[in-house]
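Naming: A, B, ... by sequence-line order, numbering from 1 per chain.
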Amino acid sequence: MDKAYSPREVEDRLYEKWLSEGAFEARADESRDAFSIVIPPPNVTGVLTMGHVLNNTIQDVLARRARQEGKSVLWLPGTDHAGIATQTKVENAIKETGRTRESLGREEFNLQACLWRDEHGGIILNQLKKLGCSCDWSRNVHTLDEDYSQSVLSAFVRLFKKGYVYRGQRMVNWCPASLTALSDEEVVMKPQSSTLYKVKYNVVESPGAFLEVCTTRPETIVGDVALAIHPEDPRWKNLQGKHVMRPVNPIAIPIIADDAVDRDFGTGVLKITPAHDKLDFEIGQRHELPIIEVLNADGTMNEVAGNDYAGIERFAARKLISERLKQDGHLVAEEPYRNNVGFSERSDVPIEPRLSEQWFLKYPRVEEAKKVVRKGLIRFFPERWEKTYLHWLENIQDWCISRQLWWGHRIPVWYRKGKVRTDPSNWHVSVSGPSDPENWEQDEDVLDTWASSWLWPLATLGWPDDDDMREKGFDYFYPTSVLVTGPDIIFFWVARMIMAGLEFNGRSYKPDQLIPDESLEERVPFRNVYFTGIIRDAEGRKMSKSLGNSPDPLDLIEKYGADGLRHGIMSIAPKGQDIRFSEERIEQGRNFCNKLWNVSRFRTLSGSLSGNQSPVEILSRVRLDQVMEEDQAILIRLKATIDEVERCYSSYEFNSILHALYKFFWNDFCDWYVENSKARIKNEEGKDTCLAIQDLCLREMLLLLHPFIPFITEELWSLLGFSSAKSIQFEAPAKGDDLIGMLSKVGITLDPQVLEEIEAQRELITQLRSIKAERNLSNNREVEFLYVADSENAALIAKSEKSVLEAVGAKSLRQVEEHPSGLPAVVTAIGSFYLDLSSGIDLEAEISRMKKEIENLNKVIPSIEYKLSNEKFLTNAPADVVEGARAQLAENQMKLREFTEILSLLTAKS
RNA sequence: GGACGGCUAGCUCAGUUGGUUAGAGCGACUGGUUUACACCCAGUAGGUCACAGGUUCGAGUCCUGUGCCGUCCACCA
């Protein structure tokens, strides 16, 4: 074994081995419990981010733990076609070759997109392999796969037949960059610095009278069809029913009254542009006002806006029209204003409320979706996300599911050629299409990507095809055990999957018929949902590609190993809190692996490894008369650690699991038990017993650590001779009680009292080391200690004298009756200890060293004293600096006294 | 406007039903290569637990209020 652990070779070799053994392949096996996870499918053309590392490491930990526990595990991988994102990327790539989407045409474009996907796609899956993810790769699914598409279209058709999918002319969120409608969830509100324009509208019927209106969007004035006031607003009561002249493209428009007007905002008068504002549209409907569109799909003004503005981009038009208003004397005021504007999440441009013909979905099973979470049939970790989830469901709006894109699942609706599309009697809706396709034309739109991924747990297991479901073990693996994802997609994905699961799994119910409680549980797509935190950079910003603040996980794997990365990220992943990334934590993970490697290496150098193939074999090497208190203590701690790990798994407290394992391994096992072993294994009598206990601890440690750091643990598992017929991957760590059982079978019972004694001994050793270190005697192994203690404690001290002396680095511990004077002392729970400064010391060397220390202090002290006597220093320096100087002076003076005393004692002896 | 989270050592964070003297890692400082490990060992320093009240024998922990930071939802033109 090399001195330092080098992950690279080990990781690649072991991953290949796991794949060739088929260790990750899932089979429905009724004799065992099922454990299943579906991966949140990443964008097929994406690359691995730190968020993926966190998310997938958690899933891998759970999958590997379940595999060890003997469950039949399915971790199902796959990728998402990511409609807008991928189409935009492909369009940009095509643009570089001088072509456009339109010039290629739909079929050719999609062909190019597939080529592009196949070329750039799948990178992320290979990156997950580097991370060690134990997915069943033979089951890899892509949302545009033929089978998956069938299931997406099938869901659409079923919901259509139920009357839940409908087509309609509605106000939607329009993205002028991507030229498509978006769902409400894809719009992000951003505070903007804009201008509030106050515009004057002259009253037609009363010359000289006018109304003032505040707006942030003067470019839409050309689409105004009315002004609205509040019906009870006394200020304009007499104007209701009269008309004003539109200040741009002048025509007379009515003054109407509507409750929706906020009297307190601006002037209390609202201009109504039904084509370009959601509220205005509603008011317009109520008052049967005309709808005048003045914007094109791409955000430029259209011909209706007039020759002066047609073709001009919306923000340029805003400027132009405001200037025009100013010239005409219609602009009363303009002032800076901060408001929230909706942006397209993908394209990052302001969205445009736009009236258009789209497909909408009324969500199915909303009530049941609330119920399954309220009743705990699906549990959220942390629990608090339940409130967010329920609040969203309470206020749920119909979902706009059509997208004006080419990359995606094309809507399975056909219209009779040459007939009016708005009449449903001219529609054909089916998965396979009409039998006489020549007479029909298919709807041009595709489905929102989330309208495919909401079926993920169902479709990846073969739904809705019976044969496919049987082959993929649907009944065995569904509902899946746990979903691991970020809270940022709780609405996009989690909530929708729950509704889809409830709707589509099992026998169908009529729309108005609630699913009975007893069959809810088998229909939910997953039982637990673990929400990870969001990874932020050192400044607390969300990691993103555009900020360039996300490290490349592959670089980190290269530098610290996959195990180091996994350990690091898991140790900073508290339950559901955002995570501030720091490379130092990854370094710590690497160091942990190295420590594990080295203590194992030490074990291989200490003695034979035979007899390690099972706990029974290991314990058979124990000689009862050689079992020491140290052995009992480490076993008690091991048991406590196992129990703690068990408890933390059930509540998904991964950082606590690692913390418990780290503490046991490093602070208890390495720092104390193995150090103590060094003396014991020199002695043939106790060697075998001591090594057996070491082996038992190491074995359990490796088993417990394996889900987190699979590579190094598997490597050490075989290097230390633990491997039997079973790989570490399928070997369960002992439960706490199992451990007690195993031990009592060979006659070892654990006495909690022993732990206290060992604890006291540790405390003593630490104190004695400290008293030595303070006097720069750390390396002197000849020092002697005197102590005063009662007879009970004295017996205890005598019992552990040898190991205390070894650990402290001292020659003797001698009991005295009287407290010696003039010696440095420490007080512990079991007695007062004095460092005998005169004994066992190289007097000449110590004396010259003391003199050197004193000489140095005699230089330092006057310089601090001078500083403190300086008036300017005292008045100008910050208080803490002055205090610091005073403390420094006092400490050095104290040191001087101590050293002087020690010196006088030393010289008296010489 | 509504909801949720955070505020603990210089930094990043643990702290699970309220209970000895509040912990870890990193960083700082001191000393150390005695054959597992310098990716290491031994030791030291460093905290008014955001603030103000309250409940209690006892509060980092529970309650009320305030402040700052962050997230989500809604949104008034």
Side-chain angles (χ1 to χ4, degrees), chain A residues 1 3-5 184-185 188-189 196-197 213-217 220 228 260-273 277-280 283 337 339-342 382 384-388 390-392 394-395 487-488 490-491 533-534 536 538 540-542 560-561 564 568 571-572 574-585 587-606 644 647-648 651 653 655-656 659 662-663 666-667 670-671 674-675 677-678 765-767 769-779 781 806-809 887 891:
Chain A
M1 286 175 82
K3 208 167 168 181
Y5 171 59
D184 296 342
E185 285 68 33
V188 288
M189 303 305 287
L196 191 63
Y197 300 88
V213 175
C214 286
T215 180
T216 53
R217 302 202 60 189
T220 62
V261 178
D262 180 353
R263 279 178 280 187
D264 300 324
F265 185 87
T267 57
V269 184
L270 177 62
K271 72 184 203 61
I272 305 297
T273 320
D277 183 277
K278 216 176 154 188
L279 179 64
D280 290 6
I283 294 175
Y337 184 65
N339 63 340
N340 283 336
V341 176
R384 63 185 149 85
W385 292 111
E386 289 178 2
K387 209 166 168 176
T388 308
L390 291 169
H391 182 254
W392 185 72
E394 294 293 344
N395 300 288
D488 49 336
I490 191 166
F491 312 136
I534 292 174
R536 302 177 175 281
R541 298 172 305 180
K542 201 168 165 174
Y560 303 107
S571 75
I572 50 177
K575 191 167 59 181
Q577 288 302 331
D578 284 3
I579 293 151
R580 214 165 270 225
F581 178 77
S582 75
E583 192 164 329
E584 274 126 38
R585 299 299 287 260
E587 198 178 329
Q588 206 179 309
R590 189 264 321 255
N591 294 352
F592 182 85
C593 293
N594 189 255
K595 185 82 175 171
L596 188 60
W597 179 261
N598 269 291
V599 81
S600 303
R601 183 167 158 258
F602 182 56
R603 171 62 190 87
T604 64
L605 298 170
S606 299
E644 171 75 355
R647 190 188 67 73
C648 293
S651 52
E653 291 171 52
N655 61 327
S656 302
H659 186 245
Y662 186 102
K663 211 168 125 58
W666 204 305
N667 301 131
C670 292
D671 289 351
V674 174
E675 282 308 312
S677 302
K678 285 178 180 173
I765 290 167
T766 304
Q767 293 266 39
R769 277 173 178 167
S770 168
I771 203 174
K772 280 180 71 184
E774 274 164 20
R775 277 150 197 86
N776 288 333
L777 294 171
S778 289
N779 292 337
R781 303 184 64 83
E806 175 75 21
V808 174
E891 192 186 319

Any N/O donor-acceptor pair, A:Glu675 side-chain to B:rA42 base, under 3.5 Å: no

A:Asp280 and A:Thr220, any side-chain heavy atoms less than 4.5 Å apart: no

Sugar-phosphate only, base, or nothing, as touched by A:Thr766 at under 4.0 Å among non-hydrogen atoms: sugar-phosphate

Of the listed nucleotides B:rA36, B:rA42, B:rU16, the one nearest the side chain of A:Glu653: B:rU16

Shortest non-hydrogen contact from A:Leu596 toward A:Ser600: O-OG, 2.8 Å

Candidates B:rA77, B:rA36, B:rA42 - which lies nearest the side chain of A:Val674: B:rA36

Touch class at under 4.0 angstrom, heavy-atom based, for A:Ser582 against every strand present: nothing

Touch class at under 4.0 angstrom, heavy-atom based, for A:Cys670 against every strand present: base

Length of the CD-C1' vector between A:Glu583 and B:rC39, whole Å: 14 Å

Any A:Tyr560 side-chain heavy atom under 4.5 Å of A:Glu583 side chain: yes

A:Leu390 CG to B:rG2 C1', straight-line distance once rounded to whole Å: 16 Å

Whole angstrom value for the distance that separates C1' of B:rU44 from CZ of A:Arg769: 15 Å

Side-chain donor-acceptor pair present, A:Ser651, A:Glu653, cut-off under 3.5 Å: yes

Do any N or O atoms of the protein come closer than 3.5 Å to N or O atoms of nucleotides 72-76 of chain B, and which pairs are they?
{"from": "B:rC75", "atom 1": "N3", "to": "A:Asn340", "atom 2": "ND2", "distance (Å)": "2.9"}
{"from": "B:rC75", "atom 1": "N4", "to": "A:Asn340", "atom 2": "ND2", "distance (Å)": "3.4"}
{"from": "B:rC76", "atom 1": "O2", "to": "A:Asp262", "atom 2": "OD2", "distance (Å)": "2.3"}
{"from": "B:rC76", "atom 1": "N3", "to": "A:Asp262", "atom 2": "OD2", "distance (Å)": "2.9"}

Whole angstrom value for the distance that separates P of B:rA38 from CH2 of A:Trp597: 14 Å

Atom-to-atom span, NE2 of A:His659 to C1' of B:rU12 - whole angstrom: 13 Å

Touch class at under 4.0 angstrom, heavy-atom based, for A:Lys271 against every strand present: nothing

Distance test, side-chain N/O of A:Trp666 to OP1/OP2 of B:rC41, below 4.0 Å: yes

Sugar-phosphate only, base, or nothing, as touched by A:Arg580 at under 4.0 Å among non-hydrogen atoms: sugar-phosphate

Closest to the A:Glu584 side chain, choosing from B:rC37, B:rC26, B:rA42: B:rC26

Atom-pair distance (CZ on A:Arg590; C1' on B:rC40), nearest Å: 12 Å

Which atom of A:Ile272 lies closest to which atom of A:Ala228, heavy atoms considered: CD1-CB, 3.7 Å

Sugar-phosphate, base or nothing in reach of A:Arg603, heavy atoms under 4.0 Å: nothing

A:Phe491: partners by side-chain contact (heavy atoms from CB on, under 4.5 Å), with sequence neighbours left out: A:Glu185, A:Thr388, A:Trp392

Among B:rG25, B:rU16, B:rC39, the one nearest A:Gln588 by side-chain distance: B:rG25

Within 45° cone of A:Tyr662 ring axis and under 6.0 Å: A:Lys595 NZ or CZ: no

Integer-rounded Å distance: B:rC4 P and A:Ile534 CD1: 18 Å

Atom-to-atom span, CZ of A:Arg585 to P of B:rC11 - whole angstrom: 15 Å

Check: A:Lys678 side chain, B:rA36 base, donor-acceptor under 3.5 Å: yes

Side-chain donor/acceptor contact of A:Arg384 with base of B:rC4 under 3.5 Å: no

Short side-chain N/O contact to B:rA3 OP1/OP2 from A:Lys387, under 4.0 Å: no

Closest approach of A:Arg585 to A:Ile572 (non-hydrogen atoms, all atoms of both residues): CZ-CG2, 3.0 Å

Nucleotide nearest A:Asn591 when distance is taken to its side chain, options B:rU16, B:rC39, B:rA36: B:rC39

Distance between P atoms of B:rU48 and B:rU55 (Å, rounded): 26 Å

B:rA9 versus B:rA14 - spacing of their C1' atoms, nearest Å: 13 Å

Heavy-atom closest contact (A:Val213 atom, A:Thr267 atom, distance): CA-OG1, 3.8 Å

Set of salt bridge (Lys or Arg N to Asp or Glu O under 4.0 Å) partners for A:Lys278, sequence neighbours left out: none

Phosphate-side-chain proximity, A:Ser770 and B:rU44, N/O vs OP1/OP2 below 4.0 Å: yes

Polar pair under 3.5 Å, donor/acceptor by atom type, side chain A:Arg781, base B:rU34: no

Sugar-phosphate only, base, or nothing, as touched by A:Glu587 at under 4.0 Å among non-hydrogen atoms: nothing

Sugar-phosphate, base or nothing in reach of A:Asp488, heavy atoms under 4.0 Å: nothing

Base B:rC37 to side chain A:Lys595, donor-acceptor N/O within 3.5 Å cut-off: yes

